[in-house]
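Input: a single structure, listed below in structure tokens.
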Amino acid sequence: MSKPTKALPYFLGPEKEQKDEYKRVLTETIEAITASVKDEGAYQGASVEALQQTLSQFSLLPSHGIGWEALLEEVKQTILPHFLRTWSPNYMAHLHSPALLESIASELIIATFNQSMDSWDQSPIATEVEVAVVQQLCNLYGYGKESDGVFTSGGSQSNLSAITMARDWYCSSKLNHDVKKEGLPASYHKLRLYTSEVSHFSMEKSAHLLGLGYDAVRKVPVDDLCRMDVQELRGMIESDKQAGLLPFCVVATIGTTDYGSIDRVEAIRTVCDEEGMFLHADAAYGSGLQLSPTYRTRLGDLSLCDSITVDFHKMFLLPISCGAILVKNKEHFSVFTLHADYLNREEDEEEGYTNLVGKSLQTTRRADALKVWMAFQCRGKDGYEKIVDTCIENATFLAKALLAHPSFTLAIEPELSSVVFRHIGTSELNKRIRKELLHHHQVVIGQTVYKHQTYLKFTLLNPTITKEHLSELIALIDTLANELQQ
Ligand SMILES: *Cc1c(COP(=O)(O)O)cnc(C)c1O
């Protein structure tokens, strides 16, 4: 291995050389990234073995550092060509969005200054940005003065935070038991959480982590549109109560991961009020629809929920990770509050310094709220409305086209921007179509199971995807299906 030509300075700083080197490293990186983008493909197709083979040549920690120039060369050869291109109109496998240009600039600022959101003295302006962003987000979703929120790593952490609050609130208000201090109550195994059978798996994960176990999660059947059946919910709660169990929480999914179907919060709120239960809205997917005056009524009134999961790395097109949990009554955040002499002294708050660690599962935490602050101002209401509406309208178009096509069937009419469909051939054929697209056509689409059959899925988060392109993809899939069946 050759010695580095010149040692790279450690950090950015006020010296000319530090600034020049900062600019050089970033400029060279930007050049390498842009040069690596050669076509519209979503993935250049390398197999698992090929990627593992390439990486096996490297020692993670060589005896002598190879320096910046050689490193960049390696990254250009080995890593960049194989990244998935999330901006590609051929990428629509998951709720995984491309990142808006201005938000990549935010990431650069976030990484350069490396603020940490746990205490004000580690993130002065970044803390105030998060406080301001959270306040306005609470307004956006219809919450009042008592509300509050905090940024999270995404929907899973937001859901875990909400279910923790729900559990502790229920134990304290109904069982007169302080979980924070004493741990789970003796009747912990009777606690039950209700969510639809097509909800996200973070419900089970949270139940496990919270000491309740998967059995605490009751999966409510869904109607024809994959929305929680509220009559079934009532019935399950009633029979569980009769069996001596303790229903404490309902999680409504506002945009299911597969179908984008939206549970009806008004009807579920009524049940929760009658039963004295906490209502959480998992709007990881659907939260983006709030920015569309045309379509937001599809969400229902989310302000009826005690807490709301919002994910910005889905419909809002911000870089991973970026999510938030909003809470109608900020008292619930006390679940996460602890004071340490070395970090977030109580006297700080008396003096007006906000230490956000008191609301979070995390301690060290990225300044992700800056991405929302910058992108919202850059795009504005009109810009975001166009992004969201284009995706919804593309989904409607695609669903109609599939319904009209003799080779395809649709699972359900989309409410958001996911379209689940299948070729009328076997499940095996549908699976092969997806793999064929991935490895030979640079097209990455999703796959799921609906009513025991394999379905394909287009998750449309990218507003640059056109209707013409969608028509071409349907034709391509039809052609592939014919070829594979021969
Ligand atoms: C994506 C998603 C989640 C998980 O969010 P992450 O940001 O991936 O942790 C939770 N619930 C729903 C409905 C989702 O679609």
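Here, residue 1 is the first one in the sequence, and each next residue gets the next number. These numbers come from the heavy atoms of this one structure, side chains and all, not from hydrogens, waters or symmetry mates.
- How far CG of L225 is from CG of D263: 11.0 Å, rounded to the nearest 0.5 Å.
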Worksheet item: Given the rule in the side-chain contact (heavy atoms from CB on, under 4.5 Å) test, do N90 and V444 qualify, once you have shown the distances and angles that lead to the verdict?
Response: CA-CA 6 Å; N90 290 322; V444 189; over 6 Å; no
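- Between K359 and E130 there is no salt bridge, since no side-chain N of the basic residue sits under 4.0 Å from a carboxylate O of the acidic one.
- Between A324 and F312, the shortest heavy-atom distance links the atoms CB-CE1, 4.0 Å.
- Rounded to the nearest 0.5 angstrom, S36 OG and I79 CD1 are separated by 11.5 Å.
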Worksheet item: When you look at V75 and L80, which way does the side-chain contact (heavy atoms from CB on, under 4.5 Å) test go after all the steps?
Response: CA-CA 6 Å; V75 169; L80 292 181; 3.9 Å; yes
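- Looking at D121 and S119, their side chains do bring a donor and an acceptor atom within 3.5 Å of each other.
- Put simply, the side chain of H339 does not reach to within 4.5 Å of the side chain of N355, judged on heavy atoms.
- For F458 and F421, the distance between ring centers is under 6.0 angstrom.
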May I have the list of side-chain donor-acceptor pairs in residues 387-396 shorter than 3.5 Å, sequence neighbours left out?
residue : atom : partner : partner atom : Å
D389    : OD1  : S292    : OG           : 2.6
T390    : OG1  : K386    : O            : 2.6
E393    : OE2  : Y295    : OH           : 2.9
N394    : ND2  : I465    : O            : 2.8
T396    : OG1  : I392    : O            : 2.9

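- Classification of the H208-Y214 ring pair by plane angle, with boundaries at 30° and 60°, yields perpendicular.
- L438 CG to Y43 OH: the interatomic distance, rounded to the nearest 0.5 Å, is 7.0 Å.
- Note that CG of L302 is 10.0 Å distant from CG of L326, once rounded to the nearest 0.5 Å.
- Taking both residues in full, the closest heavy atoms of F336 and M165 are given as CE1-CE, 3.7 Å, listed atom of the first, atom of the second, then distance.
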Fill in: S206 vs N159, side-chain hydrogen bond (donor to acceptor under 3.5 Å, both in side chains): CA-CA, chis, key distance, verdict
CA-CA 7 Å; S206 301; N159 289 340; over 6 Å; no
Worksheet item: Passes side-chain hydrogen bond (donor to acceptor under 3.5 Å, both in side chains), T253 versus S199? Steps please.
Response: CA-CA 6 Å; T253 311; S199 64; 4.9 Å; no
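- A distance of 14.0 Å separates CH2 in W87 from CG in L317, rounded to the nearest 0.5 Å.
- Looking at E266 and R269, no side-chain N of the basic residue comes within less than 4.0 Å of a carboxylate O on the acidic one, giving no salt bridge.
- If you check the side chains of H280 and T309, you find a donor sitting under 3.5 Å from an acceptor.
- Within 6.0 Å of atom CD in E40, 12 or fewer heavy atoms from other residues, nucleotides or ligands are found, so the atom counts as exposed in its surroundings.
- For the residue pair D148 and H332, no side-chain donor N or O sits within less than 3.5 Å of a side-chain acceptor on the partner.
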Worksheet item: T256 and D258: side-chain hydrogen bond (donor to acceptor under 3.5 Å, both in side chains), yes or no, with the steps?
Response: CA-CA 6 Å; T256 54; D258 266 341; over 6 Å; no
Discussion item. Show, in sequence, the C-alpha distance, side-chain angles and deciding distance for K371 and L100, and conclude whether the side-chain contact (heavy atoms from CB on, under 4.5 Å) test is met.
Written reply: CA-CA 10 Å; K371 295 186 279 200; L100 293 170; over 6 Å; no
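- No side-chain N or O of T127 forms a donor-acceptor pair with one of T354 less than 3.5 Å apart.
- Contact annotation: the side chain of E275 approaches that of K241 to within less than 4.5 Å [non-hydrogen atoms, C-beta and beyond].
- Ring centroid separation for the pair F376 and Y384 comes in under the 6.0 Å cut-off.
- The distance from atom CG of L212 to atom CD1 of I163, rounded to the nearest 0.5 Å, is 9.0 Å.
- Between the side chains of Y194 and D240, at least one donor-acceptor pair of N or O atoms lies under 3.5 Å.
- Here the closest heavy-atom approach between residue Y450 and residue C226 is recorded as CE1-SG, 4.0 Å.
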Discussion item. With side-chain contact (heavy atoms from CB on, under 4.5 Å) as the criterion, how do T363 and L343 come out once you've worked through the C-alpha distance, each side chain's angles and the decisive distance to 0.1 Å?
Written reply: CA-CA 10 Å; T363 305; L343 186 64; 4.0 Å; yes
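- Considering only heavy atoms from C-beta on, Q18 stays 4.5 Å or farther from Y10 through its side chain.
- Residues R85 and Y91 have side chains not in contact (no heavy-atom distance under 4.5 Å, counting atoms from C-beta outward).
- Taking a cutoff of 4.0 Å between a charged side-chain nitrogen and a carboxylate oxygen, R366 and E107 qualify as a salt bridge.
- For Y285 and H200, the ring centers are positioned 6.0 Å apart or more.
- Using a cut-off of 4.0 Å between Lys/Arg side-chain N and Asp/Glu carboxylate O, R234 and D229 are scored as not salt-bridged.
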Using atom types as modelled, flag every donor-acceptor pair under 3.5 Å from a side chain in residues 133-144 to any protein atom, sequence neighbours excluded.
residue : atom : partner : partner atom : Å
Y141    : OH   : S287    : O            : 2.8
Y143    : OH   : C305    : O            : 2.7
Y143    : OH   : S307    : N            : 3.3

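- Note on D168 versus K180: no salt bridge recorded, every NZ/NE/NH1/NH2 to OD/OE distance being 4.0 Å or above.
- Applying the 6.0 Å contact sphere to CD of Q447 captures more than 12 heavy atoms from other residues, nucleotides or ligands.
- Contact record, V222 with M228: CG1-N, 4.0 Å, taken as the closest heavy-atom pair.
- A salt bridge links K219 with E204: at least one charged nitrogen is closer than 4.0 Å to a carboxylate oxygen.
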